[in-house]
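In what follows, residues are counted from 1 in the order of the sequence shown.
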Amino acid sequence: MCSVISRVKPVQRALASTLRLRTNADGLNYAAAQSRRFCPGFITGAQPLWVTSRSYCARIATTDGLLFRQLFEVESSTYTYLLADADTKEAVIIDPVLETIDRDLKFVSELGLKLTVAVNTHCHADHITSTGLMKKRLAGLKSAISKFSGASADIHLKEGDKIPFGRHSLTVRETPGHTDGCITLVTGDQTMAFTGDALLIRGCGRTDFQQGCAKRLYQSIQEKIYTLPDHCLIYPAHDYLGQTVSTVGEERKYNPRLTKSMEEFVEIMNNLNLPKPKKIDISVPANLVC
């Protein structure tokens with residue numbers, strides 16, 4: 001956290017410090033935390049929450065010339081990410097959702113962007129991707145997904161592949177375990193990582209369906225995500241508690257599942273006893289054909 005704040009201008013550092021102090025002074029009670037599950041950023045009575053230092057950093061561009069937007073879909077608690085070169089306007093979108101395609105394309109239009117690639121971090125089970133419909137509405141747009149996902153796409157990604165947009169790019173790191181085709185996308189300067197369902201904020205993706213393997217997921221996170229710099233911002237595909245971003249160092253220290261040994265982690269994951277996703281029977285077949 002401190003390493004990120006140190007990069008911004010002095011006035012911004014002072015503002016961030018003030019926000020942290022106000023957050024610590026006021027705190028968040030249980031009711032406020034619960035309300036964030038349904039309306040992130042607000043508490044009962046429509047009073048805005050004090051912005052936490054982590055949320056504040058989520059809105060600071062740590063890479064020169066990078067335009068970044070984090071978007072939310074309420075029903076599946078999915079984050080969609082839009083990244084663009086501020087000069088060339090070339091852009092990529094990560095994990096777009098069918099229900100929010102109009103909103104996402106409106107952002108692209110309003111910001112004057114040229115969307116070149118729509119990429120999914122894996123074959124989702126809880127929502128239908130909008131990449132197929134997006135391609136019909138935007139000429140030249142390509143879809144992308146891991147070659148191990150079993151899904152159709154214009155681009156099949158593997159370890160080390162780069163997705164360029166202007167002078168920026170995202171590098172693919174294969175992080176299977178939640179599914180065979182899970183990938184993490186890392187910015188060129190390693191200040192941001194889009195981890196899909198592999199690593200969540202204080203959690204991780206489940207491993208009880210879709211080729212899930214707890215041991216493999218543990219290894220993927222330890223070897224492909226936790227080897228990134230501590231200050232690297234973690235942006236997951238989902239969050240159910242209104243959390244927007246974490247860091248590698250923070251998750252390595254505080255993630256309750258991944259501070260355990262591999263054996264303990266496997267035991268935890270094998271005994272979650274979660275209900276299957278509501279839309280799995282329609283989402284997976286649809287996403288397999290883009």
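- Cation-pi geometry between Arg257 and Phe265 is not met at under 6.0 angstrom from the ring centre and within 45 degrees of the axis.
- With hydrogens and angles disregarded, a donor-acceptor distance shorter than 3.5 Å links the side chain of Ser261 to the backbone of Glu264.
- Distance alone, capped at 3.5 Å, places no donor-acceptor pair between the His122 side chain and the Asp180 backbone.
- Remark: Asp281 engages Lys276 in a salt bridge, criterion side-chain N to carboxylate O under 4.0 Å.
- In this structure, Glu110 does not pair ionically with Arg69, as no charged nitrogen and carboxylate oxygen lie closer than 4.0 Å.
- Ring geometry for Phe68 against Tyr81 counts as parallel: the plane angle stays under 30°, on a 0 to 90° scale with 60° as the upper cut.
- The distance from atom CG of Leu83 to atom CD1 of Ile94, rounded to the nearest 0.5 Å, is 5.0 Å.
- By the criterion of side-chain heavy atoms lying less than 4.5 angstrom apart, applied directly or through intervening Ile, Leu, Val, Met, Phe, Trp or Tyr residues, Ile225 is not grouped with Ile201; the two fall into different hydrophobic clusters.
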Criterion side chain to side chain donor-acceptor pair (under 3.5 Å) on Ser77 and His238, from CA distance to verdict: CA-CA 6 Å; Ser77 296; His238 301 281; over 6 Å; no
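- We find the CG-CG distance between Leu141 and Leu133 to be 10.5 Å, quoted to the nearest 0.5 Å.
- The backbone N or O of Gln243 sits less than 3.5 Å from a side-chain atom of Asp239, completing a donor-acceptor pair.
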Worked check of side chain to side chain contact (heavy atoms under 4.5 Å, CB included) between Gln222 and Met262: CA-CA 10 Å; Gln222 297 291 339; Met262 180 186 289; over 6 Å; no
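- At a threshold of 4.5 Å between side-chain heavy atoms, the hydrophobic network of Ile, Leu, Val, Met, Phe, Trp and Tyr places Phe165 and Val186 in two separate groups.
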Audit row: Val92, Leu170, side chain to side chain contact (heavy atoms under 4.5 Å, CB included) steps and yes/no: CA-CA 9 Å; Val92 299; Leu170 294 170; 3.8 Å; yes
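- Although no hydrogens or angles enter the test, the distance criterion places no donor-acceptor pair under 3.5 Å between the side chain of Ser109 and the main chain of Leu105.
- A donor-acceptor pair is defined here as one N or O able to donate and one able to accept, closer than 3.5 Å; such a pair exists between the side chain of Glu159 and the backbone of Glu174.
- Rounding to the nearest 0.5 Å gives a distance of 7.0 Å between CG of Leu82 and CG of Leu115.
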Residue pair Asp126, Ser76: steps toward the side chain to side chain donor-acceptor pair (under 3.5 Å) verdict: CA-CA 6 Å; Asp126 57 354; Ser76 61; 4.9 Å; no
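- Within 6.0 Å of atom CZ in Phe209, more than 12 heavy atoms from other residues, nucleotides or ligands are found, so the atom counts as buried in its surroundings.
- One N or O on the side chain of Tyr218 and one on the backbone of Lys260 form a donor-acceptor pair closer than 3.5 Å.
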From CA spacing to verdict: side chain to side chain contact (heavy atoms under 4.5 Å, CB included), Ser283, His124: CA-CA 7 Å; Ser283 295; His124 301 278; 5.9 Å; no
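- In the hydrophobic clustering of this structure, Leu185 groups with Met192; members are Ile, Leu, Val, Met, Phe, Trp, Tyr whose side-chain heavy atoms approach within less than 4.5 Å, directly or through other members.
- A distance-only check finds no donor-acceptor pair linking the side chain of Asn120 to the backbone of Cys123 [under 3.5 Å].
- A donor-acceptor pair shorter than 3.5 Å can be found between the side chains of Asp197 and His178.
- Within the 3.5 Å criterion, the main-chain N or O of Thr244 finds a donor-acceptor partner in the side chain of Gln70.
- Residues Ser246 and Glu251 have side chains that bring a donor and an acceptor to within less than 3.5 angstrom of each other.
- Under a hydrophobic clustering in which Ile, Leu, Val, Met, Phe, Trp and Tyr are joined whenever their side-chain heavy atoms come within less than 4.5 Å, directly or via other members, Leu111 and Ile101 fall into the same cluster.
- Closest non-hydrogen pair, Ala125 versus Gln210, comes out as CB-OE1, 3.4 Å.
- Although no hydrogens or angles enter the test, the distance criterion places a donor-acceptor pair under 3.5 Å between the side chain of Ser220 and the main chain of Pro176.
- There is no side-chain donor-acceptor pair under 3.5 Å between Lys224 and Thr175.
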Evaluation steps, side chain to side chain donor-acceptor pair (under 3.5 Å), between Ser169 and Lys162: CA-CA 6 Å; Ser169 66; Lys162 294 185 183 300; 4.9 Å; no
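- Met134 pairs in a side-chain contact (heavy atoms from CB on, under 4.5 Å) with only one of the listed residues (Ile93, Leu98, Val108), which is Ile93.
- Separation of atoms NZ (Lys106) and OG1 (Thr100) is listed at 13.5 Å; rounding is to 0.5 Å.
- Using modelled atom types, one side-chain atom of Glu73 and one backbone atom of Glu75 make a donor-acceptor pair closer than 3.5 Å.
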Step-by-step salt bridge (Lys or Arg N to Asp or Glu O under 4.0 Å) determination, Lys279 to Glu99: CA-CA 13 Å; Lys279 291 187 175 182; Glu99 283 80 1; 3.3 Å; yes
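- Within the structure, every pair that satisfies the side-chain hydrogen bond (donor to acceptor under 3.5 Å, both in side chains) test and touches residues 131-142, not counting sequence neighbours, is listed here: Asp102-Arg137, Thr129-Thr131, Lys135-Asp154.
- Nearest approach of Leu228 to Val248, heavy atoms of both residues: O-CG1, 3.7 Å.
- Between the side chains of Asp95 and Thr80, no donor-acceptor pair is found at a separation under 3.5 Å.
- Residue pairs meeting the salt bridge (charged side-chain N to carboxylate O under 4.0 Å, His left out) criterion with at least one partner in residues 163-173, sequence neighbours excluded, are Asp87-Arg167.
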From CA spacing to verdict: side chain to side chain contact (heavy atoms under 4.5 Å, CB included), Tyr226, Ile221: CA-CA 6 Å; Tyr226 281 2; Ile221 294 171; 3.8 Å; yes
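- Between Tyr79 and Phe72, a ring centre-to-centre spacing shorter than 6.0 Å is recorded.
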